[in-house]
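Worksheet: the structure to be examined is printed underneath.
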There are 2 protein chains.
Amino acid sequence: MNKVFEALAHPVRRDILKLLRKRAMCAGDIAEHFPIAKPTLSGHFTVLKNADLVTTQRQGTTIMYHLNMSVMEEALGAFMALAGNKGKER
Amino acid sequence: MNKVFEALAHPVRRDILKLLRKRAMCAGDIAEHFPIAKPTLSGHFTVLKNADLVTTQRQGTTIMYHLNMSVMEEALGAFMALAGNKGKER
DNA sequence: TCGTTATTTAGGCAATTACCGAAATATTGT
DNA sequence: ACAATATTTCGGTAATTGCCTAAATAACGA
């Protein structure tokens, strides 16, 4: 769970997750939304992957990034344990 | 909101918040729960204060730390916007 | 096989973070 | 005013982070 919170600590990574919430996207399409170099973004992807917040799936020459909803919800639960509002109220 | 997520990225700081959830505590009492030097802990307090996650109140020679529930709930809302489960369902 | 496109890895640098011990500051009681 | 206690600030160091450009890897189509 620590890796998840560390991953969430950078605004670019949170924005990536927000994008992936709408739909899965490949690295290049994600990159178009940010004014930073692709290798830098690739590093952010690695952080998100190591935190299990996203999964990847190669499709030919591109790599699709998917949001891992179950881990997101786990993290939400951990956060609720901190932020009040006991219970998960699904 | 960025500072809040950054503050949450360190396990010691999350544990401090967890302690303060039960009751307000002074710096020294908090320090007894951690195997790290007091100046280090004081740095963590500063991070939490700058994120507005805690407030302080001097009581004589000690300084009481209080959890700032409203900011915690704001952060929870921001997280829910990421982690699915639209709406705040208070 | 060669060239093209998509993405990652490598190498390097500046800034930040986390930690510590020592010293400074603030408050109280004697 | 002084000593004792609580906490922070200072100064320093090692590790990590975030960013970049250049080079490497992977998959495809001609």
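Chain letters run A, B, ... following the sequence lines, proteins first and then strands; every chain starts at 1.
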Any side-chain N or O of [X] less than 4.0 Å from the OP1 or OP2 oxygen of [N]?
X     : N      : result
B:S42 : D:dT8  : yes
B:H10 : D:dT16 : no
A:R58 : C:dT7  : no
A:H44 : D:dC19 : yes
B:Y65 : D:dA6  : no
A:T40 : D:dC20 : yes

Rounded off to whole Å, could you give me the [atom1]-to-[atom2] distance for the [X] and [N] pair?
X     : N      : atom1 : atom2 : result
A:M25 : C:dA6  : CE    : C1'   : 15 Å
B:Q59 : C:dA26 : CD    : C1'   : 15 Å
A:K3  : D:dT16 : NZ    : P     : 13 Å
B:F34 : C:dC19 : CZ    : C1'   : 15 Å
A:L41 : D:dT21 : CG    : C1'   : 16 Å
A:E6  : D:dT17 : CD    : C1'   : 11 Å
A:I16 : C:dT7  : CD1   : C1'   : 14 Å

Output the single nucleotide from D:dA6, D:dT7, C:dG21 whose closest atom is nearest the side chain of B:T61.
-> D:dA6
Among D:dT7, D:dA22, C:dG21, which is the nearest nucleotide to the side chain of B:T62?
-> D:dT7
Looking for any heavy atom pair under 4.0 Å, which part of the strands does A:A27 touch: base, sugar-phosphate only, or nothing?
-> sugar-phosphate
